[in-house]
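As the structure is a computational prediction, the values presented were derived from the model and not from experiment.
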Amino acid sequence: MAEARTAERAAQGEGHPSGDERFALLDKTLRKARYQQDQLIEVLHVAQDLFGHLSEDILIYLARQLKLPPSRVYGVATFYHLFSFTAPGRHSATVCMGTACFVKGAEEIVQQLEAAHDVRSGQTTEDGELTVSTARCVGSCGLAPVVVVDGVVTSHQTAESTLAHVGEVLAKEPTEAST
Amino acid sequence: MAEPIAVLSSRYDVPDAHTLEGYKREGGYSALPQALEIAPGDLVAMVKEAGLRGRGGAGFPTGVKWSFMPKGTGKPTYLVVNADESEPGTFKDRELMERDPFQLLEGIAIACHALESERAFIYIRGEYLFPGMRLEEAMTEAYAAGYLGDDILGSGVNVHVTLHYGAGAYICGEETALLDSLEGRRGQPRLRPPFPAVAGLYASPTAVNNVESIANVPWIVERGVDWYKSLGTEKSAGTKLVCVSGEVKRPGNYEWPMGATFREIIETSCEGMLDGREVRFFAPGGSSTPLLTAEHLDVELDFDAVAAAGSLLGTAALMVYSDKTSVVEAARNWTKFYEHESCGKCTPCREGTFWLSQVYDRMLSGGGRPQDLQILDEVCDNIFGRSFCALGDAATSPIKSSLKYFRDEYEHLVEHGRLPDGLEPHAGIITDNAARHRPTDFAQPATVRAGSLR
């Protein structure tokens, strides 16, 4: 329903030309914000929730809708740490670098993960399969070292066990759970 | 001998204090009807008389701040509650908003009446999803019951509250940067004057107050000025939520009357140090306050007493480090934080924090040079007092103070290319392990969404 309406509006030159139904939801937020320019940060939050990250396309769309210069939208979006501009990989492995994990060898886990998958921490593999990142502390220091794989906390990890587990996850068919 | 006290935290252990029913059963919303009977000017005078000082770090008297708000400008007046609690080591407002959100909302309603403001904004940090959810629920209930909205409790006073989520920027805790961020811009500090009291949010008179400051207001109204002044010291009245983290047995949030000593807090509430370690140094009010050493443990929890000892009370985020922890590593950890969070507006801070961080990396990787200590000193001098806002000054605090008290450790590191024996590397990164204490069913999600960690 929403999709059809968006496509219709797109045909009339309104909304986003792609007719992607997520833009209909974004439009709804914009209307609720009465297209006020000072609502930019709230709208960016919603956009990121809808799309997973903020692509250039989305930023330009928002700039147009809010009648703001693209530089302003880009400047605000890049200023805040919670906004991300690259699509996350299909799977993720986040190594906790909090004190407890650090002293129990988290650095070794990160190095081995980086080497095995040819990716730097904070980045995604070229095939878009795996994002490796680090976190300051996930608040589970008793389980150190902790690696969060696809949103699930795995405890008492070693470099070997992490690599094996990540390998298993990557080999599995895509599921709903992978974000 | 001071004793811990429960005023702001008196409802923390009531399981349903975050609901309107639980809050009212525990004595909540008894101050608001009283306050609505009092004229706005008298309320401001009352808060001033009580000696409430801002709990967000600077310790500026709240009533005095409110009295700066011009009247009859023809513009709306705003109250902005600063819940962008990002100072490393500080987690008092999070717990307050999670466990007792109505206390804040009642305080906001009273403060708005005092300021003759019809609109309040709560700027909460984007990471605080759970406290934000609790606040949203509480606001819905308060609106439905007539404690917020138009004509609250039939008094003719209108108070509307808007919750705004930040998006991850430490600098937005600075009041003018926060205002810019609320207006949908990059959070960068503004040039003062004009001060927010004259031209703040949307160029209108704005009071910016910390969550804990506002939460104190209902107590002052309900129990009276004399009762409030009887808590605490002459210059710093009331109680203080102290967030203790680091190498103590029981880290967590504890409420103490002003005037308690740091030693009492560590020994009584925290049951002392981990595994018989000794206190080596501590930050009395978060990472932005100069470090103090074991000699200063008997300093009182009081804005002026801590200032006299050469530091600042800040947010009373007490981070305690033991004799096993390297102060150079701890200082590097904080410097990295400031380097990352510098907003880039002014050169001394943007460039200075970068170079400080480079020097620390060089020293700790074994390549330190004798002149590095002087470079640290000089760069700090070029940041302090020359940066646009307090972030730059704050970045120099741990460095200048550690150089002052622990120069020998720096010298050893530079001379030998390694830290002195007896220190455990990386122990200094502990900043917030408070989740361990006060077991709750919500403090730790069963699984952590990976997206939330980036």
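A pairwise comparison of heavy atoms in B:G187 and A:Y80 identifies N-OH, 3.1 Å as the closest pair. Listed here is the closest heavy atom pair of B:E127 and A:L82: OE2-CD2, 4.0 Å. Here the shortest heavy-atom pairing between A:I41 and B:A167 reads CG2-CB, 4.3 Å.
Only the side chain of A:E42 comes within less than 4.5 Å of a heavy atom of chain B; its backbone N, CA, C and O stay farther away. Both the backbone and the side chain of B:C343 have a heavy atom closer than 4.5 Å to some heavy atom of chain A. When heavy atoms are compared at a cutoff of 4.5 Å, B:L182 approaches chain A solely by way of its backbone atoms N, CA, C and O.
No more than 12 heavy atoms of other residues, nucleotides or ligands shown are found within 6.0 angstrom of CG on A:D118. In this structure, A:Y74 places its OH atom where only 12 or fewer heavy-atom neighbours from other residues, nucleotides or ligands lie under 6.0 Å away.
Scanning for salt bridge (charged side-chain N to carboxylate O under 4.0 Å, His left out) contacts around A:K28 gives an empty result, with sequence neighbours left out.
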Yes or no on side-chain contact (heavy atoms from CB on, under 4.5 Å) for B:R185 and A:L40, after CA distance, side-chain angles and deciding distance? CA-CA 8 Å; B:R185 296 162 191 275; A:L40 177 59; over 6 Å; no

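By the 4.5 Å heavy-atom criterion applied to side chains, B:Y202 and A:D38 are counted as neighbours.
Taking NE2 of B:H164 as the start and CD of A:Q39 as the end, the distance is 8.5 Å to the nearest 0.5 Å. Once rounded to the nearest 0.5 Å, the distance linking CZ of A:F79 with CD1 of B:I171 reads 7.0 Å.
Judged by distance alone, with hydrogens and angles left aside, the side-chain atoms of A:H81 form no donor-acceptor pair with the main-chain N or O of B:E341 at under 3.5 Å.
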